[in-house]
Amino acid sequence: MNLIIYDQTFEGLFTAIHDILDLNIVPDKIAGNRHFQNDLFANNYEIVTDQVKFETIWNAVKEKTNDQNCQRIFKAYLSELPEIEMLIYDYIKLILDSGYNVETDFGNDYVNKINNIQKKVSREAHRVIMFVRFQKTVDHIFYASFDPKYDVIPLTVNHFHNRFADQKWVIFDTRRKYGYYYDLENVREITIGKRKIDLETGKVDQDALHISEKLFQNLWKGYYDSINIKERKNLKVHMQFLPKRFWKFLPEKDIKNKLVLS
Amino acid sequence: MKQETIDKIKILAGAAKYDVSCASSGSNRPNTGKGLGNAAPWGICHSFTEDGRCISLLKLMLTNYCMYDCAYCINRKSNDIQRTTFSVSEIVELTIEFYRRNYIEGLFLSSGVIRNPDYTMERMVQVAIDLRVKHNYNGYIHLKSIPGASEELQHKAGLYADRLSVNIEIATENNLKLLAPDKNFRNILNPMTTIKNKITENKEERRKFRNAKRFAPAGQSTQLIVGATPDTDRQILDLAGNLYQSKSLKRVYYSGFIPVNEYDKRLPALSAPPLKRENRLYQADWLFRFYHFKVDEIVNDDFPYLDLEIDPKLSYALRNSWMFPIDINKATYENILRVPGIGVLSAKKIVLARRYGKLNIEQLKKIGVVMKRAKYFITTNELNSHSFAGLYPEKIKLALLSENNKAVNGQIKYKQLSLFPVN
């Protein structure tokens with residue numbers, strides 16, 4: 001059994017694919033160095049990430065298909081699914097071995113799988129854009145936490161950067177413990193050290209909230225309750241569109257808080 | 001902004017909730033000069049209420065005072081309800097603060113008519129101007145155009161809003177006159193024509209001058225109430241089809257009638273809003289907007305009502321069984337679109353994928369075709385195709401309906417029975 005171990009970066013994965021093709025290895029598993037379990041009987045190959053090797057494969061894929069398809073592969077990678085590395089390897093091999101652009105060959109299993117996975121990732125990114133809720137803090141930073149199923153925060157940063165250009169904001173991934181901070185000039189990656197935030201619910205501590213924050217949350221709750229048409233109640237559809245895993249971040253679905261208020 | 005604003009929100013959002021339009025799509029207003037907000041052309045929902053509808057926009061009425069007395073409306077003059085009015089600055093502040101917290105995609109502003117249409121419209125336009133100019137806000141704005149307001153005001157509204165709309169509410173003029181004596185078709189359709197012409201003019205202008213201000217870039221929409229009058233589905237869809245064509249509307253919304261003024265004997269007594277019918281109308285609407293159907297293929301003289309049991313596309317396929325089964329590997333895109341169980345995306349994928357080789361059932365499933373439905377209407381190059389040699393529409397309908405019921409029965413079967421039934 002041939003086990004390929006890489007450093008869990010996208011560049012690392014492409015380097016691994018480069019080496020596999022270069023050395024003519026038949027891989028049985030490609031695993032990140034943080035996740036792999038040592039197998040006594042496996043031949044381990046440890047990959048050293050190399051920017052040049054990465055670009056060789058990246059550009060070859062781009063040339064054979066297009067930019068958009070490279071984006072799809074990147075999105076599929078962000079899914080962090082256990083078998084995703086082998087799938088990306090199979091897909092890239094298919095692209096490089098075919099004499100034509102396989103991008104729209106939906107009859108092919110690899111094409112279909114990559115497309116379906118990248119669609120799930122895009123959807124999760126869109127959910128972040130939909131359901132992120134900022135809380136204004138005393139120092140006028142708009143803070144939001146999220147706990148996405150896939151590692152999609154990087155896909156959403158551009159959106160927030162374009163939209164909220166005149167306010168400082170932070171978006172923090174509580175599952176992966178990193179986030180982005182916009183300081184009115186640039187966006188940069190951050191980890192939060194000394195924090196005034198409950199990482200479970202994403203709530204900013206009372207004393208760190210801006211004085212107006214509670215009022216606007218209450219106004220929003222008031223709006224949310226009054227815009228509902230009781231005669232049309234349809235909880236099935238409601239739950240389908242607004243799954244419970246997002247509720248803890250939404251002031252309007254914060255049932256615990258609501259009970260305290262009333 | 002104080003606690004009393006919460007009460008105002010409750011009244012004026014409650015008054016605006018019967019307007020079903022909530023789309024924030026169709027406009028791609030960029031964020032200029034490091035201001036606040038932009039409009040995403042695909043639209044973004046930010047929450048969902050318990051009735052399953054999306055919240056994309058902050059939907060408010062400027063006031064629920066109204067000089068009109070429309071039978072179907074909760075805010076009619078003769079109703080004894082709590083009334084209040086927002087100031088322009090209150091709405092502006094709410095919009096900005098909600099937007100900054102990513103609660104909403106923008107503002108939907110409607111209003112009861114006070115004093116006269118111009119007076120009302122002017123204050124609504126002022127909200128849009130303040131948002132755009134004072135606050136450099138580039139998010140979405142949808143303004144209700146008040147019928148009877150001056151052309152100048154409507155023009156101004158279009159320059160600051162992304163979408164304008166005038167609601168027709170009732171699909172036939174006679175019934176409109178019966179329920180809303182203060183309104184008539186001319187007063188509603190005229191502003192629509194004005195808006196349409198201005199949008200066309202503006203497009204021309206922008207072709208010549210790229211910096212010309214845009215006029216209602218997300219177009220206009222309207223709403224029809226379903227079930228308040230005896231109008232048939234055919235009359236409703238004919239009107240809708242007409243509006244899409246002659247007025248270039250972006251959307252027609254259908255709103256199942258909710259009896260808010262039960263005392264008014266001109267209105268039917270309904271035990272529940274006609275949600276199924278509303279749903280079928282939306283499905284039909286989709287068919288002529290995205291599936292290349294003509295209105296008279298869906299409803300016509302012989303078939304004035306949509307089938308409530310099955311969706312209009314399946315209903316069409318069963319009535320026109322002569323055109324099936326079609327060969328997935330040869331049929332045109334338009335014909336593939338007509339197969340129940342195949343959506344726009346699947347149809348596009350099929351047309352692309354079959355260039356690489358013939359497709360079989362297994363592959364169709366993976367592409368996303370719902371074979372449970374589609375199997376009766378297609379053939380592939382496989383020998384044991386599921387398709388019926390001769391199609392018996394009644395049998396297919398029964399088979400598909402029992403398939404649906406099976407799921408329902410399965411649930412009931414395993415449901416724990418209550419020891420002490422309440423009632």
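Per chain, numbering begins at 1; letters A, B, ... match sequence-line order. Everything numeric in this text was worked out from a predicted model, so none of it was measured.
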Exercise. Is it true that the side chains of Asn38(B) and Arg163(A) contain a donor and an acceptor less than 3.5 Å apart?
Worked result: yes

Exercise. Is it the side chain or the backbone of Val111(A) that comes within 4.5 Å of chain B heavy atoms, both, or neither?
Worked result: neither

Exercise. If only atom types and distance count, is the side chain of Asn31(B) paired as donor or acceptor with the main-chain N or O of Asn162(A) below 3.5 Å?
Worked result: yes

Problem set entry | Proximal component of Phe241(A), with respect to chain B [non-hydrogen, under 4.5 Å] | both

Seminar exercise, completed: Ranked by heavy-atom pairs below 4.5 Å to chain B, first place among Asn228(A), Val132(A), Ile129(A) goes to Asn228(A)

Problem set entry | For chain A, the option from Glu105(B), Lys358(B), Glu362(B) that forms the most heavy-atom pairs under 4.5 Å | Glu105(B)

Exercise. Would you call the rings of Phe48(B) and Phe131(A) parallel, tilted or perpendicular if under 30° counts as parallel and over 60° as perpendicular?
Worked result: perpendicular

Problem set entry | Charged N-O contact under 4.0 Å between Arg101(B) and Glu213(A) | yes

Exercise. When only pairs under 4.5 Å are counted, which of Asn234(A), Leu250(A), Val237(A), Leu184(A) shares the most heavy-atom pairs with chain B?
Worked result: Asn234(A)

Problem set entry | Side-chain touch Phe216(A)/Glu93(B), heavy atoms, less than 4.5 angstrom | yes

Exercise. Which answer fits Asn112(A), side chain, backbone, both or neither, if we ask what part of it has an atom under 4.5 Å from a heavy atom of chain B?
Worked result: side chain

Exercise. Who among Gln135(A), His159(A), His126(A) has the most heavy-atom pairs with chain B under 4.5 Å?
Worked result: His126(A)

Problem set entry | Contacting region of Gln240(A) [heavy-atom separation from chain B under 4.5 Å] | neither

Exercise. Taking the six-membered ring for Trp, is the centroid-to-centroid distance between Tyr224(A) and Tyr103(B) below 6.0 Å?
Worked result: no

For this session: Count the heavy-atom pairs under 4.5 Å between each of Leu235(A), Asn108(A), Asn115(A) and chain B, then report the option with the highest count.
Result: Leu235(A)

Seminar exercise, completed: Given Glu231(A), Gln167(A), Lys136(A), the one with more heavy-atom pairs under 4.5 angstrom with chain B than any other is Gln167(A)

Exercise. Chain A: which of Lys59(B), Gln363(B), Lys349(B), Lys10(B) shares the most heavy-atom pairs with it under 4.5 Å?
Worked result: Lys349(B)

Problem set entry | Atom group of Phe246(A) that falls short of 4.5 Å from chain B, counting heavy atoms | neither

For this session: Please determine which of Ile6(B), Leu60(B), Leu12(B) meets the side chain to side chain contact (heavy atoms under 4.5 Å, CB included) test together with Tyr223(A).
Result: Leu60(B)

